[in-house]
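In this text, all values refer to a predicted model and were calculated from it rather than measured experimentally.
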Amino acid sequence: TTLCLIGAIILSLVLVAVRVFLVERELEMTINIFHLRNCDHENFPSITNSQQTTRVVLIQASAYITAFILTLTFPLIRWFRDLRRLDCAIDYEIDLIDVLCITILPLQGFFNFFIF
């Protein structure tokens, strides 16, 4: 169930980024049409501003997704490894994955602060 929850979170984040990317592309195409027709439409400045804002949101959403995946990669690797160890009764030793998990997981808040 934990894996399904993490998968659902990542999927929803990716879908938000895809939607923002599609809106940004649509706005860019609208701007290109205005340029090709040499139109001075009254909504042109607001469309340009909206496109710039959408691009900023896309970059920020991508950064949040990357930070989320980065911070959860090592705990997931550790979780899968521990499942294997339970089946095989392997002795537990602290290794690089544990150190990275302990180091990077608390940095999620810092990454979010830095991105915001």
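The minimum heavy-atom distance between Thr103 and Leu107, with the atom names listed, is O-CG, 3.4 Å. Scanning both residues, Ala67 and Ile115, for their nearest heavy atoms gives CB-CD1, 3.9 Å.
For Ile69, the side-chain contact (heavy atoms from CB on, under 4.5 Å) criterion is met by Ile10, Ile65, Thr73, not counting sequence neighbours. For Ile97, the side-chain contact (heavy atoms from CB on, under 4.5 Å) partners are Phe74, Ile77, Arg78, Arg81, Asp95, not counting sequence neighbours. Residues satisfying the side-chain contact (heavy atoms from CB on, under 4.5 Å) criterion with Ala61, sequence neighbours excluded, are absent altogether. By the side chain to side chain donor-acceptor pair (under 3.5 Å) test, Glu26 pairs with no residue at all, sequence neighbours left out.
Grouped by direct or indirect side-chain proximity (heavy atoms under 4.5 Å, Ile/Leu/Val/Met/Phe/Trp/Tyr only), Leu11 sits with Leu15.
Here SG of Cys101 is found 11.0 Å from CG of Leu96. Values are rounded to the nearest 0.5 Å.
Hydrophobic clustering (side-chain heavy atoms under 4.5 Å, transitive across Ile, Leu, Val, Met, Phe, Trp, Tyr) groups Val14 together with Leu72. When the side chains of ILVMFWY residues are joined at heavy-atom separations under 4.5 Å, either directly or via intervening members, Val23 and Met29 end up in two distinct hydrophobic clusters. One hydrophobic cluster, built from ILVMFWY side chains closer than 4.5 Å, holds both Leu76 and Leu105.
Sorted by first and then second residue, the side-chain hydrogen bond (donor to acceptor under 3.5 Å, both in side chains) pairs involving residues 106-116 (not counting sequence neighbours) are Thr71-Gln108, Gln108-Asn112. Screening residues 6-16 for side-chain hydrogen bond (donor to acceptor under 3.5 Å, both in side chains) gives no qualifying pairs among residues at least two apart or on separate chains.
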